[in-house]
Amino acid sequence: RAKNDGRGRFRLFTEEMDDVLRQRHEIERDLRAALRADDQLEVVFQPIYDASGALVGAEALTRWPRAPHGAVSPDVFIGVAEECGLIHALGAWVLETACRAAVRTGLPKLAVNVSPIQLRGEGFAAEVLRILSDTGLAPQRLELELTEHFHLDPGQNTRRNLHDLRMAGISIALDDFATGQSLLQYVRDYEIDMIKIDRSFVGRLGQGDGTDEVVRAMLDLGRAMGLEVTAEGVETAHQREILLSMGCRIFQGFLLGRPMDGNRLASLTDDRSGQPLTA
Ligand code: C2E
Ligand code: MG
Ligand code: MG
Ligand code: MG
């Protein structure tokens, strides 16, 4: 009996593994086709505000509606793209599409997420500069966000790319700050201009569980190192109040604005008078 049960469970397990592999494979195949078709992926923009409520920029976020199956989360398709090498083509497409929108809408600053795999590519910095010159976006208006979710590789190419990008006037932000490992080491070892406090911290502010103290320490660290600090995932006015009282000056989250398409972004940049704090 017991033996039988064991085998049965094993068979179930391998079937599930097959399912997962098949799904990844299908996602890879469809993502490749979507990139080639050029009209199936979208870039949306989430506004970023300063303490006075003025729009200071927006973060580009990629969307894949994947009709007729239904939307795939970027956490899933970016991971697949990283594994199968599509991230280079996908990343270049996102950057170019977002830069064009930033120029068209007069966005003060554009933030674009970059995978550590892209950064490892030998010609990455040159490609970014080529896209800037093709689209006409000044390097000072571009910020690249690096996630620390998996180890930034300390290889030559990564360092050289980061250096070349910063020398050209592009700024570098460390995304999802404090969710990865060795974050203090990254801040020390890399040329970074900004950190973005991960929303898992922001979401637990004001609950008396020690999160407030940790966030305060991150803001102090940022100040001590001369870095800008953005709070991500601000969902309530209470969270924003707490962050303001701790000296945080840059905010992003559903409280201030959801990711939106380029046309809505254009209406935001038209009105720079600042309409703070509306959901
Ligand atoms: P991220 O760069 O940290 O982006 C912020 C994520 O938090 C976005 O999720 C955004 O929609 C979500 N968010 C913003 N404000 C709030 C809030 O107040 N509450 C909550 N609950 N969520 C909020 P999204 O668009 O699903 O993207 C997930 C992640 O996928 C991104 O995290 C980024 O790491 C990655 N990603 C998205 N687009 C790209 C891309 O074009 N290239 C690369 N390499 N990664 C991307
Ligand atoms: Mg980001
Ligand atoms: Mg983040
Ligand atoms: Mg994230």
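Values in this document were obtained by computation on a predicted structure and should not be read as measured data. Counting starts at 1 for both ligands and their atoms, in listed order.
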Is there any N or O on [X] that sits under 3.5 Å from an N or O of ligand 1?
{"X": "Ser73", "answer": "no"}
{"X": "Gln252", "answer": "no"}
{"X": "Phe254", "answer": "yes"}

Ligand 1 versus [X]: contacting region, heavy-atom distance under 4.0 Å:
{"X": "Val112", "answer": "neither"}
{"X": "Arg258", "answer": "neither"}
{"X": "Asp176", "answer": "side chain"}
{"X": "Pro259", "answer": "side chain"}
{"X": "Ile78", "answer": "side chain"}

Enumerate the atoms of ligand 1 whose separation from the nearest heavy atom of [X] is less than 4.0 angstrom.
{"X": "Ser115", "result": "44 (N)"}
{"X": "Gln46", "result": "14 (C), 15 (N)"}
{"X": "Asp175", "result": "1 (P), 2 (O), 3 (O)"}
{"X": "Val94", "result": "41 (O)"}

Checking Arg29 now: which residues fulfil salt bridge (charged side-chain N to carboxylate O under 4.0 Å, His left out) with it, not counting sequence neighbours? none
Considering only heavy atoms from C-beta outward, does the side chain of Arg120 approach that of Ser115 to under 4.5 Å? no
With side chain to side chain contact (heavy atoms under 4.5 Å, CB included) as the test, pick out the partner of [X] among [options].
{"X": "Met246", "options": "Val229, Asp212, Asp220", "result": "Asp212"}
{"X": "Leu95", "options": "Val43, Val112, Leu90", "result": "Val112"}
{"X": "Leu162", "options": "Leu146, Asn157, Leu144", "result": "Leu146"}

Using atom types as modelled and distance alone, determine if a side-chain donor or acceptor of Gln239 lies under 3.5 Å from a backbone N or O of Glu235. yes
Taking Asp198 for the side chain and Phe201 for the main chain, is one N or O donor matched with an acceptor at less than 3.5 Å? no
The Mg ion (ligand 3) reached by Asp175 (N, O or S, under 2.8 Å): yes
N/O/S atom of Asp198 inside 2.8 Å of the Mg ion (ligand 3), strictly under: no
Any salt bridge linking Arg32 with Glu28? Criterion: basic side-chain nitrogen under 4.0 Å from a carboxylate oxygen. yes
Ion pair Arg100/Asp134, N-O distance below 4.0 Å: no
Verdict with reasoning, Trp93 to Asp38, per side-chain hydrogen bond (donor to acceptor under 3.5 Å, both in side chains): CA-CA 9 Å; Trp93 179 85; Asp38 197 45; 3.0 Å; yes
Selection from Leu61, Asp198, Leu255, Thr62 by shortest heavy-atom distance to atom 41 (O) of ligand 1: Thr62
Heavy atoms only: which of Gln239, Lys196, Arg63, Glu235 is nearest to atom 20 (C) of ligand 1? Glu235
Quick one: report the N, O or S atom of Glu145 that is nearest to the Mg ion (ligand 2). OE1
I'd like the atom name of the N/O/S atom in Glu59 lying closest to the Mg ion (ligand 2). OE2
At less than 2.8 Å, would any N/O/S atom of Asn113, backbone or side chain, sit next to the Mg ion (ligand 2)? yes
Checking His69 against Arg66 for the side chain to side chain contact (heavy atoms under 4.5 Å, CB included) test, could you report, in this order, the C-alpha distance in whole Å, the side-chain angles of both residues, the deciding distance, and whether it holds? CA-CA 6 Å; His69 301 267; Arg66 201 193 184 200; 3.9 Å; yes
Determine, stepwise, if the pair Lys196 / Gln252 fulfils side-chain hydrogen bond (donor to acceptor under 3.5 Å, both in side chains). CA-CA 9 Å; Lys196 298 188 77 170; Gln252 181 180 358; 2.7 Å; yes
Within less than 4.0 angstrom of ligand 1, does Glu59 place any heavy atom? yes
Does Thr147 come within less than 4.0 Å of ligand 1, judged by its heavy atoms? no
Given side chain to side chain contact (heavy atoms under 4.5 Å, CB included), test Phe251 with Thr230 step by step and report yes or no. CA-CA 6 Å; Phe251 308 90; Thr230 299; over 6 Å; no
Metal site angle (apex the Mg ion (ligand 3)), OD1 from Asp176 and OE2 from Glu232, 10 degrees: 160°
